[in-house]
Q: 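One structure coming up, written as structure tokens, with questions to follow.
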Number of protein chains: 2
Amino acid sequence: MELQIRIKMNEHLFLRDPESSELGRKIVRQSILLIHEIGFEDFTFKKLAVAIHTTEAGIYRYFENKHRLLVYLVTWYWNLLEYQVLYQINNLTDPEMKIRKVIELLSKEIDENIGGSDINHKVLYQIVIAESNKVYQTKEVGENNKAQVYKPYKDLCTLIANLFTEYNPSYAFPRSLASTLVEMAHFQYFFMHHLPSLTDFGKDKDTRKLHEFLEVLVFSNIRNGK
Amino acid sequence: MELQIRIKMNEHLFLRDPESSELGRKIVRQSILLIHEIGFEDFTFKKLAVAIHTTEAGIYRYFENKHRLLVYLVTWYWNLLEYQVLYQINNLTDPEMKIRKVIELLSKEIDENIGGSDINHKVLYQIVIAESNKVYQTKEVGENNKAQVYKPYKDLCTLIANLFTEYNPSYAFPRSLASTLVEMAHFQYFFMHHLPSLTDFGKDKDTRKLHEFLEVLVFSNIRNGK
DNA sequence: TTAGAATGATAGTAAAGCTATCTAATAAAA
DNA sequence: TTTTATTAGATAGCTTTACTATCATTCTAA
């Protein structure tokens with residue numbers, strides 16, 4: 001069975017739905033590769049246009065600017081991750097197991113054959129790690145937030161926070177711990193590779209240790225009640 | 001007694017030492033206000049030049065580009081914070097009290113009358129919260145790191161990690177917990193104000209609750225041994 | 001077959017992000 | 001006191017980024 005998940009993206013994120021045309025899909029697919037290659041700061045629509053043999057103006061028909069495109073990409077990731085989490089914890093009853101599953105999903109790229117698009121999840125995961133904060137660390141947070149742009153991210157955090165509450169209803173900070181977990185899954189990965197002395201797994205770059213750190217971080221907190 | 005602390009900045013951060021001239025100090029002081037006002041993305045040397053009645057070229061004599069200037073500002077903060085921490089825990093013997101003091105210092109702006117310069121610490125703290133990640137979330141992390149640019153940040157984390165180890169030598173992730181603490185002190189503050197549903201203190205925006213969250217986060221972990 | 005939408009091609013503008021050069025002011029050295 | 005180095009101001013200019021507008025063409029769906 002071929003499973004095709006259609007992720008409905010917030011219409012504020014684009015001018016014309018990139019999933020609705022060949023050019024749109026090319027823009028999304030190639031921008032992931034190009035941003036990963038040269039970094040978001042050096043990435044321009046001009047360079048992307050050259051890479052996919054179209055024109056700058058062509059890309060501007062889909063996305064207002066490069067920042068919106070980044071938001072689109074990162075949001076796409078959050079959407080898919082939430083779907084993944086829901087799907088994978090569906091058959092679990094033990095809240096502890098559910099939380100362990102979430103941590104596992106947060107610490108690795110999403111399977112290539114999920115999502116029904118040919119988006120490169122491995123590279124997208126790298127972009128999320130290296131650039132996702134720029135999506136909300138901007139003067140436009142307020143407006144974007146009003147336009148529901150961060151809804152998928154917030155939904156994911158709410159979902160995780162609810163698992164914490166399910167595990168221990170008396171724990172006082174489920175939401176903050178959820179955002180801490182999500183952010184740290186990515187930050188510690190980034191630090192491990194680029195500023196290893198900020199972590200305890202810099203030497204062997206062992207993802208399992210990072211994984212263990214996150215589990216200890218979460219369970220030490222929610223086990224303690226408050 | 002007037003205490004004048006001279007912070008020695010890494011020479012890679014500037015072309016000409018801004019603390020060595022009136023214009024240099026103006027650049028630093030005013031850039032803090034301007035970045036805070038319009039955000040780092042919209043901030044340009046041209047705008048700064050107009051604000052301090054000099055020319056673009058004049059500013060380029062001090063800083064290679066605006067990113068380096070941001071690194072300079074944030075690094076200045078890390079340096080001063082480390083100094084503050086060392087000074088304040090100096091007279092404490094109980095490791096728990098030392099850690100509590102660190103968390104307190106992390107959660108608020110630095111006193112205006114410390115540091116011997118007329119830099120606006122309140123506003124600088126806001127910049128650190130809103131923009132500091134951009135300092136290392138860039139393609140140049142590697143080069144910068146080699147040039148010791150992040151040393152003050154890493155030194156601060158090492159200092160905190162050592163306090164954790166002092167409190168409990170068997171805790172396995174002192175460094176990762178230290179960087180988690182530092183990052184989350186700022187992230188949760190940012191979330192509280194801009195994406196409140198990602199925290200548990202969004203409604204009343206109560207800094208004491210944030211403070212309590214950070215204490216619970218840290219002590220739940222290091223108390224547990226591993 | 002024909003209107004409408006999507007794309008390509010081209011052009012152009014304002015601002016950002018630099019570099020270079022020359023001159024005036026000023027401070028340190030001879 | 002004169003000379004010389006350093007710093008700042010003024011101006012110019014150049015490339016790239018970020019974006020808008022226009023028109024012709026192709027493709028598609030009624």
Side-chain angles (χ1 to χ4, degrees), chain A residues 9 11-31 34-73 131 134-135 138-140 143-144, chain B residues 9 11-31 34-73 131 134-135 138-140 143-144:
Chain A
M9 298 290 283
E11 306 212 342
H12 287 273
L13 294 179
F14 50 76
L15 297 170
R16 177 180 299 174
D17 184 2
E19 288 301 316
S20 73
S21 78
E22 191 49 40
L23 181 60
R25 282 186 295 270
K26 257 196 201 168
I27 290 171
V28 170
R29 274 188 263 124
Q30 265 297 131
S31 66
L34 193 53
I35 291 172
H36 179 247
E37 192 187 331
I38 64 180
F40 185 64
E41 271 61 47
D42 287 348
F43 169 83
T44 68
F45 277 2
K46 177 78 201 158
K47 288 173 187 168
L48 178 59
V50 170
I52 60 179
H53 307 294
T54 185
T55 57
E56 237 183 317
I59 297 170
Y60 276 104
R61 286 189 184 114
Y62 286 86
F63 292 98
E64 217 174 307
N65 54 52
K66 70 172 184 171
H67 188 259
R68 288 292 170 99
L69 171 55
L70 181 65
V71 179
Y72 182 92
L73 297 178
E131 323 277 6
K134 293 165 192 168
V135 158
T138 158
K139 273 279 157 181
E140 291 92 43
E143 300 164 44
N144 284 341
Chain B
M9 299 290 283
E11 306 212 341
H12 287 273
L13 295 179
F14 51 76
L15 297 170
R16 178 179 300 174
D17 184 1
E19 288 301 317
S20 73
S21 78
E22 191 50 40
L23 179 62
R25 283 186 294 270
K26 257 196 202 169
I27 291 170
V28 170
R29 272 187 265 124
Q30 266 297 130
S31 67
L34 193 54
I35 291 172
H36 178 249
E37 192 186 330
I38 65 179
F40 185 65
E41 272 59 48
D42 287 349
F43 169 83
T44 68
F45 277 2
K46 177 78 200 159
K47 288 173 187 168
L48 178 58
V50 171
I52 58 179
H53 307 293
T54 184
T55 57
E56 235 183 318
I59 298 169
Y60 276 105
R61 286 189 185 116
Y62 286 85
F63 292 99
E64 216 174 308
N65 54 52
K66 70 172 183 172
H67 188 259
R68 286 294 168 99
L69 171 55
L70 181 66
V71 179
Y72 182 92
L73 297 178
E131 321 279 7
K134 294 166 191 168
V135 158
T138 159
K139 273 280 157 183
E140 291 91 44
E143 301 164 43
N144 284 342

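Scope of the values below: all heavy atoms of this structure, side chains included, with no hydrogens, waters or symmetry mates. Naming: A, B, ... by sequence-line order, numbering from 1 per chain.
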Q: What's the CZ-P distance between B:Phe45 and D:dT17, to the nearest Å?
A: 18 Å
Q: Whole Å only: how far is the NE2 atom of A:His67 from the P atom of D:dC19?
A: 12 Å
Q: Can you measure A:Leu69 atom CG to D:dC19 atom C1' for me and round it to whole angstrom units?
A: 15 Å
Q: Looking only at side-chain atoms of A:Lys47, point me to the closest of D:dT17, C:dT21, C:dA16.
A: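 Minimum distance to the A:Lys47 side chain belongs to D:dT17.
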Q: Any chance NZ of A:Lys46 has more than 12 other-residue heavy atoms, nucleotides or ligands included, within less than 6.0 Å?
A: no
Q: Return the value, rounded to whole Å, for the distance between atom CG of B:Leu48 and atom C1' of D:dA8.
A: 15 Å
Q: Whole-Å distance between D:dT20 C1' and A:Phe63 CZ?
A: 19 Å
Q: Taking any heavy-atom pair under 4.0 Å as a contact, classify B:Tyr62: base, sugar-phosphate, or nothing.
A: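 Here B:Tyr62 touches the backbone only, sparing every base.
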Q: Quick check on B:Lys47: does its NZ atom have over 12 non-hydrogen neighbours (other residues, nucleotides or ligands) under 6.0 Å away?
A: yes
Q: Any luck finding a side-chain donor-acceptor pair between A:Tyr62 and A:Ser21 under 3.5 Å?
A: yes
Q: Closer than 3.5 angstrom, by distance alone: can the side chain of A:Lys26 be matched with the main-chain N or O of A:Ser31 as a donor-acceptor pair?
A: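 A pair under 3.5 Å: no.
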Q: Return the orientation label for the B:Phe45 and B:Phe43 ring planes: parallel under 30°, perpendicular over 60°, tilted otherwise.
A: perpendicular
Q: Which listed nucleotide (C:dT21, D:dA18, D:dC23) is nearest to the side chain of A:Arg61?
A: D:dC23
Q: Counting only heavy atoms and a strict 4.0 angstrom limit, can you tell me which residues of residues 49-59 of chain A come near DNA chain D?
A: A:Glu56, A:Ala57
Q: Please state how far atom CG in B:Asp42 lies from atom C1' in D:dC19, giving the value in whole angstrom units.
A: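 Between C1' of D:dC19 and CG of B:Asp42: 15 Å.
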Q: Between D:dT20, C:dC18, C:dG17, which one does the side chain of A:Tyr60 approach most closely?
A: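 From the listed options, D:dT20 comes nearest.
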Q: Roughly how far, to the nearest 0.5 Å, is the OG1 atom of A:Thr54 from the CD atom of A:Gln30?
A: 12.0 Å
Q: For the pair B:Arg68 and B:Glu140, find out whether any cationic side-chain nitrogen is under 4.0 Å from an anionic carboxylate oxygen.
A: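 No, no charged N to carboxylate O under 4.0 Å.
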Q: So do the side chains of A:Pro18 and A:Ile27 get within less than 4.5 Å of each other, counting heavy atoms only?
A: no
Q: I need the residues from residues 15-30 of chain B with at least one non-hydrogen atom less than 4.0 Å from DNA chain C; give them sorted by number, or say none.
A: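 Heavy-atom cutoff 4.0 Å gives no residues at all.
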Q: Using atom CD1 of A:Ile38 as one end and atom P of D:dT16 as the other, report the distance to the nearest whole Å.
A: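 About 14 Å, once rounded to whole Å.
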Q: Show your working on side-chain contact (heavy atoms from CB on, under 4.5 Å) between B:Ile35 and B:Leu73 and close with a plain yes or no.
A: CA-CA 11 Å; B:Ile35 291 172; B:Leu73 297 178; 3.9 Å; yes
Q: Output a table of nitrogen or oxygen pairs between the protein and nucleotides 27-30 of chain D separated by less than 3.5 Å.
A:
none

Q: Any salt bridge linking A:Glu41 with A:Lys134? Criterion: basic side-chain nitrogen under 4.0 Å from a carboxylate oxygen.
A: yes
Q: Whole Å only: how far is the CG atom of B:Asn65 from the P atom of D:dT15?
A: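 Checked: the CG to P distance equals 20 Å.
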Q: Does this structure show an ion pair linking A:Glu56 with A:Lys66, if we count only N-O contacts that are shorter than 4.0 Å?
A: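 Salt bridge between A:Glu56 and A:Lys66, a charged N being under 4.0 Å from a carboxylate O: no.
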Q: To the nearest 0.5 Å, how far apart are OG1 in A:Thr55 and CG in A:Leu48?
A: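 So the gap between those two atoms works out to 11.0 Å.
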Q: As a test of reading the structure: which of C:dG17, D:dT22, C:dT21 is closest to the side chain of B:Thr44, going by heavy atoms?
A: C:dG17
